[in-house]
Amino acid sequence: MSAPGVEPAVEGRSAKGLGTGRVGLLGAVVIGVSTIAPAYALTGTLGPTASAVGEQMPAIFLVGFVPMLLVAFGYRALNSAMPDSGTTFTWSSRAFGPWIGWMGGWGLLAATVLVLSNLAGIAVDFLYLMLAQVTGDESVADLAANVPVNIATCLVFMALACWVAYRGLETTKAVQYVLVGFQLVVLVWFCVAAFARVAAGDAPGGLALSAGWFDPLAVDSFSAFAAGVSLSVFVYWGWDVVLTMNEETQGSRTTPGRAALATIVVIVVLYLTVAVAVLSYTGTGEDGLGLGGGDQENVFAVLAGPVMGPAAVLLSLSVLASSAASLQSTFLSPARTMLAMGHYGALPREYARVTPRFQSPGYATVAAGVIASVFYVVMRILSEDVLWDTITALGMMVCFYYGVTALACVWYFRGTWKGRPRHFLSTGLAPGLGGVLLLVFFVQTSVDSTDPSYGSGSQVGGVGLVFLLGVGVLALGGVVMAVQRVRRPAFFRGETLAVGRSSTDGPEGADGTGAPVGGAPGPRTETTREGVPE
C-alpha cells in the first residue's frame, strides 16, 4: 500500500508525473555522451591536465576512468533497487538519512550549476571564433572577450537550452542525435589528421608513442596526481544523467545502468585516442603550440588550423555543437533532482510541478536555468579565468557527490553479501573503492586549492577562488539545508523518505517497490485525466 498522498509506482505511470518509456538504450547512451560533451570537455581540460601531469596525461585519463567505472557499478545496483529520478539525493537519503542525502543532492546541483555556466561560456567563445573563421575577420573572435556581449550571448544560449529541456526527453533526444553524431565525426577526423602530420614529420612536437605516457606512477607528486585526476573526473562527468532519466526510460530498472556503463566505455576510448593524438602532435613544452603554453583553456582553438587546415572551422563548430548539446542535456539532471527533492518535501513543493503537456519538470528546469545564468554573470565579472576555475571546482564537486553515492550503495546493500561473492563485488568492493578514491581526491584538491596560485590565480582575501567555489558552495549548502530543516521538518525526521537497507537480492530493494516511504507528498501537476498526469 502506498503512503498517504503518494501515487503508487505502477507500470506505465511515473510516481512523480514524468512521462514513461520515452528513451531506450541507444537514446540514453547518446544523451549520456552529449552531457559529457567530449569535444567541449577535451578542449577545456587537455591544457590544464597537461600542465599538472605533463606527458602522463593519457595515464591520468585512464586513472580517472577507473573510479568512474567502479562508481558506475554502484549506480547500476542502486538504480535496480530504487529507480528514482532523485538518484544521489534519494539513494543517499535511503542509505544514510536525510542530512547526508540532502547534501549529496546539493553536491549534484552545485556541480551542474557550475558546468552549465562553463558550458555556456565556452559556447560563446567558439561561436565568435567560428564566425571569425567563416567571415575571415579575426576581430569578430574578440567579441567573446567583451563582457557585455559575452554575457548577453551566454544568456541567449542558456534560454534556448532551457526551452528544449522544458519540452521533455523526446525533443532532447532528437536534438542530441544530430549534435552528438557531428562532434564524434569531427573528433575522429582531427585525430586522423594529427597522426598523419606526425607520421609525415610535419608536427611541432613530433613525439613517438611511449609506454611511459600510460604510467601514473611517473607523475611528480601526489598533489599533481590528485589535481590531474580531479580534472580527468571532469571530462568523464555527466554519464550519470542516464540514471536521472530512469523513471522515463524503457526498462527503468535495467536500461539506465547498462547505458551508464556503455557511455563510460565509449568515452574512455575516444579520450585516450584524442590525448595521444594531441600529445604526439604538440608535446608539453611551453613554446609555440606546446600544451604547457598558449591558450590552455581552449586547446582546440589553437590546434584547429595547424592540424586540420581549411577544415578547422569544423572543429570550432563541433566544440560549439558539443557545448550547446551538453548545455541542453545537462539541464536534465538538476531539474529531475530538484523535482525529487520537492516531491519528498526537501525543497518547496513548487519544484515538484510537472508540465501537463510535456510531462517534464518544468518549474525545476526554469529554476536551474535562472540560477546558472546568475552564477555565470557573477563569475564572468569576478574571475580572471572563469573557464579554468569552474572546471577545477567542478572536479571537486563531482568527486564529492559521486563518492557519497558510491558509499551509499555499499551501506544500503551491506546485509546482502553473505555467500554471494559477485554481489559483494558489484555492490560492495567496486563502489566502495571508487567512492573512497574520489573522496580522497576531493580532500586533497580542497587543501591544495586554498593556495591563491591554484587554478587561474584568482583569489578573494588571499584564498584561492577554486577553493571558494568548491568548498564554499558546499558550505552554502549546509546553510540552505539548515533553513529547509526549519521550514520542512517532515523530510528531516524521515517521514517522507525513510532510511532503509536492502534485505533482498531482487531488484526492489528494501521496500519492494522503490516507491516513497512514509508520508511523501504526491506530485503536483496542472491537469489530470483519470488520475494520470497529462
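Note that the structure is a prediction, hence the values are computed from the model and not measured.
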Under 3.5 Å, is there a donor-acceptor pair between the side chain of Thr112 and the main chain of Leu109?
yes

Hydrogens and angles aside, do Glu55 and Ser210 bring a side-chain donor and acceptor to less than 3.5 Å of each other?
no

At what distance, to the nearest 0.5 angstrom, does CH2 of Trp102 lie from CH2 of Trp106?
5.5 Å

Ser93 side, atom OG; Met103 side, atom CE - distance, nearest 0.5 Å
12.0 Å

Taking C-beta and beyond as the side chain, do Met338 and Thr365 meet within less than 4.5 Å on heavy atoms?
no

Run through Leu320, Thr153, Asp142 and flag the one making a side chain to side chain contact (heavy atoms under 4.5 Å, CB included) with Tyr128.
Thr153

Is the shortest heavy-atom distance from the side chain of Val299 to the side chain of Leu42 under 4.5 Å?
no

So, Thr49 side chain and Leu46 main chain: donor-acceptor pair closer than 3.5 Å or not?
no

Do any N or O atoms from the side chain of Ser326 and from the backbone of Thr35 form a donor-acceptor pair under 3.5 angstrom?
yes

Nearest 0.5 angstrom please: Gln183 CD to Phe190 CZ, how far?
14.0 Å

Report yes or no: does Glu138 contribute a side-chain atom to a donor-acceptor pair with the main-chain N or O of Ala132 at less than 3.5 Å?
no

So that I know where these two stand, are Trp239 and Tyr402 an aromatic pair - ring centroids less than 6.0 Å apart?
yes

Main-chain N/O of Thr330 paired to Ser333 side chain as donor or acceptor, under 3.5 Å
no

Closest non-hydrogen atoms of Ala364 and Leu339, given as atom of the first, atom of the second and distance, are CB-N, 4.2 Å

Donor-acceptor under 3.5 Å (Gln328 side chain, Cys162 main chain):
no

State yes or no: are the ring centers of Trp91 and Tyr412 separated by less than 6.0 Å?
no

Could you tell me if the side chain of Asp451 sits less than 4.5 Å from the side chain of Phe467, heavy atoms only?
no

Nearest heavy-atom pair of Thr263 and Val33: which atoms, and what distance?
CG2-N, 3.9 Å

Grab the two heavy atoms, one from Arg76 and one from Gly257, that are nearest each other, plus how far apart they are.
CG-CA, 3.7 Å

Using side-chain heavy atoms (C-beta onward) and a distance below 4.5 Å, is Leu184 in contact with Pro38?
yes

Please report the C-alpha distance between Ser329 and Ser34 in whole Å, then the side-chain angles of each, then the deciding distance to 0.1 Å, and finally whether the side-chain hydrogen bond (donor to acceptor under 3.5 Å, both in side chains) criterion is met.
CA-CA 7 Å; Ser329 58; Ser34 77; 3.0 Å; yes

Kindly compute the distance separating CG (Leu187) from OG (Ser322), expressed to the nearest 0.5 Å.
7.5 Å

Establish, for the pair Arg414 and Trp411, whether the NZ or CZ atom is under 6.0 angstrom from the six-membered ring centre and no further than 45 degrees off its axis.
yes

Would the distance check show the side chain of Thr450 and the main-chain N or O of Val447 forming a donor-acceptor pair, the cut-off being under 3.5 Å?
yes

Please tell me whether Phe491 and Phe89 form a close aromatic pair, meaning their ring centres lie under 6.0 Å apart.
yes

Work out which heavy atom in Leu116 is nearest to a heavy atom in Met158; give both atom names and the distance.
O-CE, 3.9 Å

Classify the ring geometry of Tyr236 against Phe61: parallel below 30°, tilted from 30° to 60°, perpendicular beyond 60°.
perpendicular

Please lay out, stage by stage, how Val274 and Val278 fare under the test side chain to side chain contact (heavy atoms under 4.5 Å, CB included).
CA-CA 6 Å; Val274 174; Val278 171; 4.2 Å; yes

Heavy-atom check, side chain of Ile36 versus side chain of Val235, under 4.5 Å
no

Note, Thr273 side chain near Val188 side chain (heavy atom, < 4.5 Å):
no

Nearest heavy-atom contact between Cys409 and Pro431 is SG-CG, 4.0 Å

Under the criterion side chain to side chain contact (heavy atoms under 4.5 Å, CB included), I'd like the reasoning laid out for Ser92 against Trp99: C-alpha separation, chi angles, the key distance, then a yes or no.
CA-CA 9 Å; Ser92 299; Trp99 298 93; over 6 Å; no

Any non-hydrogen side-chain atom of Met245 less than 4.5 Å from a side-chain atom of Ser85?
no

If you measure only the distance, is there a donor-acceptor pair under 3.5 Å linking the side chains of Asp240 and Tyr401?
yes

Step by step, work out the side chain to side chain contact (heavy atoms under 4.5 Å, CB included) result for Met397 and Leu474.
CA-CA 8 Å; Met397 302 305 301; Leu474 278 179; 3.6 Å; yes

Quick one: CG on Leu317 to CZ on Phe182, what's the gap to the nearest 0.5 Å?
4.0 Å

Classify the side-chain pair Asn246/Tyr75 by whether it contains a donor and acceptor separated by less than 3.5 Å.
no

Less than 4.5 Å apart, any side-chain heavy atom of Leu127 and any of Phe157?
yes

Could you tell me whether the side chain of Thr43 and the main chain of Phe300 form a donor-acceptor pair under 3.5 Å?
yes

Quick check: closest heavy atoms across Val404 and Leu439, and the distance to 0.1 Å?
N-CD2, 4.5 Å

With rounding to the nearest 0.5 angstrom, report the CG to CZ distance, Leu433 to Phe73.
12.0 Å

Under 30°, 30 to 60°, or over 60°: which ring-plane class applies to Phe400 and Phe442, parallel, tilted or perpendicular?
tilted

What do you reckon, are the aromatic ring centroids of Tyr40 and Phe126 less than 6.0 Å apart?
no

With side chain to side chain contact (heavy atoms under 4.5 Å, CB included) as the test, would you mind laying out the steps for Thr405 and Thr87 before giving the verdict?
CA-CA 8 Å; Thr405 310; Thr87 59; over 6 Å; no

